[in-house]
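Notes follow the structure.
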Amino acid sequence: QVQLVESGGGLVHPGGSLRLSCTTSEYALKYYNMAWFRQAPGKEREGVSFISSNVDHTAYADSVKGRFTVSRDSDKNTVYLQMNSLKADDAAVYYCAAASFWAGDSGGWARESLYDYWGQGTQVTVAS
């Protein structure tokens with residue numbers, strides 16, 4: 001079983017930046033399609049960003065387009081989420097998730113049922 005571990009969360013002022021990381025001690029991460037989800041208090045978990053295993057496809061929720069960037073470094077076996085211009089609405093627990101198969105449908109990446117493995121989450125707080 002692939003164990004995903006997120007890090008990089010914390011407290012940031014509005015307009016600030018954070019970079020989240022997701023890694024695993026297993027070798028399998030580079031073969032997986034990876035996504036970031038988030039869940040704010042009282043809200044459902046939502047897809048934030050996605051990067052395919054071969055890195056030829058990325059996707060973003062409309063609410064973060066132009067502010068967040070997803071990337072992966074196979075040498076470090078890590079997936080990143082660079083978050084800029086953070087807003088209060090971005091505050092949530094952020095989770096990374098790994099899917100062994102993705103059909104290539106542009107909207108399918110945000111379905112939670114697609115993902116085989118999940119991390120424990122990292123808290124992002126945006127406050128002045």
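As a basis for the values below, the full set of heavy atoms in this structure was taken, side chains included, without hydrogen atoms, waters or symmetry mates. Nothing fancy with the numbering, it's 1 onward along the sequence.
Atom-to-atom distance recorded for Gln82:CD and Arg67:CZ is 12.0 Å, nearest 0.5 angstrom. Separating the OG atom in Ser53 from the NZ atom in Lys30 is a distance of 11.5 Å, to the nearest 0.5 Å.
Using a 4.5 Å heavy-atom cutoff, the side chains of Arg38 and Leu81 are not in contact. Residues Leu29 and Met34 are in side-chain contact: their nearest non-hydrogen atoms beyond the backbone lie under 4.5 Å apart. At a threshold of 4.5 Å between non-hydrogen side-chain atoms, the residues Phe68 and Leu86 count as touching.
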Throw together a table of side-chain donor-acceptor distances under 3.5 angstrom for residues 11-20, partners on residues two or more places apart or in other chains.
from, atom 1, to, atom 2, distance (Å)
His13, ND1, Ala127, O, 3.1
Ser17, OG, Asn84, OD1, 2.9

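A pairwise comparison of heavy atoms in Gly8 and Thr122 identifies N-OG1, 4.3 Å as the closest pair. The shortest non-hydrogen separation linking Ala92 to Ala40 is CB-N, 3.8 Å.
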Take Trp36 and Met83, measure what side chain to side chain contact (heavy atoms under 4.5 Å, CB included) needs, and give me the verdict at the end.
CA-CA 12 Å; Trp36 289 94; Met83 306 187 296; over 6 Å; no

Check the pair Tyr60 / Thr69 against side chain to side chain contact (heavy atoms under 4.5 Å, CB included), numbers first and verdict last.
CA-CA 8 Å; Tyr60 298 91; Thr69 303; 3.9 Å; yes

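None of Cys96, Ser49, Cys22 except one satisfies the side chain to side chain contact (heavy atoms under 4.5 Å, CB included) rule with Val70; the exception is Ser49. Under the side chain to side chain contact (heavy atoms under 4.5 Å, CB included) rule, Tyr32 has a single partner from Leu4, Asp116, Thr24, which is Asp116.
Judged by distance alone, with hydrogens and angles left aside, the side-chain atoms of Thr23 form a donor-acceptor pair with the main-chain N or O of Asn77 at under 3.5 Å. Of the possible polar contacts, none joining the Tyr115 side chain to the Ala110 backbone as a donor-acceptor pair under 3.5 Å is found. Here the side chain of Asp73 pairs a donor or acceptor atom with the backbone of Asp75 at under 3.5 angstrom. Looking at Arg72, its side chain does come within 3.5 Å of a backbone N or O of Ser52 through a donor-acceptor pair.
Counting only residues at least two apart or in different chains, ring pair (Phe, Tyr, Trp, His ring centres under 6.0 Å) contacts with residues 71-104 comprise Phe50-Trp102, His57-Trp102.
Of the charged side-chain nitrogens involved, none lies within less than 4.0 Å of a carboxylate oxygen, so that Lys87 and Asp90 do not count as a salt-bridged pair.
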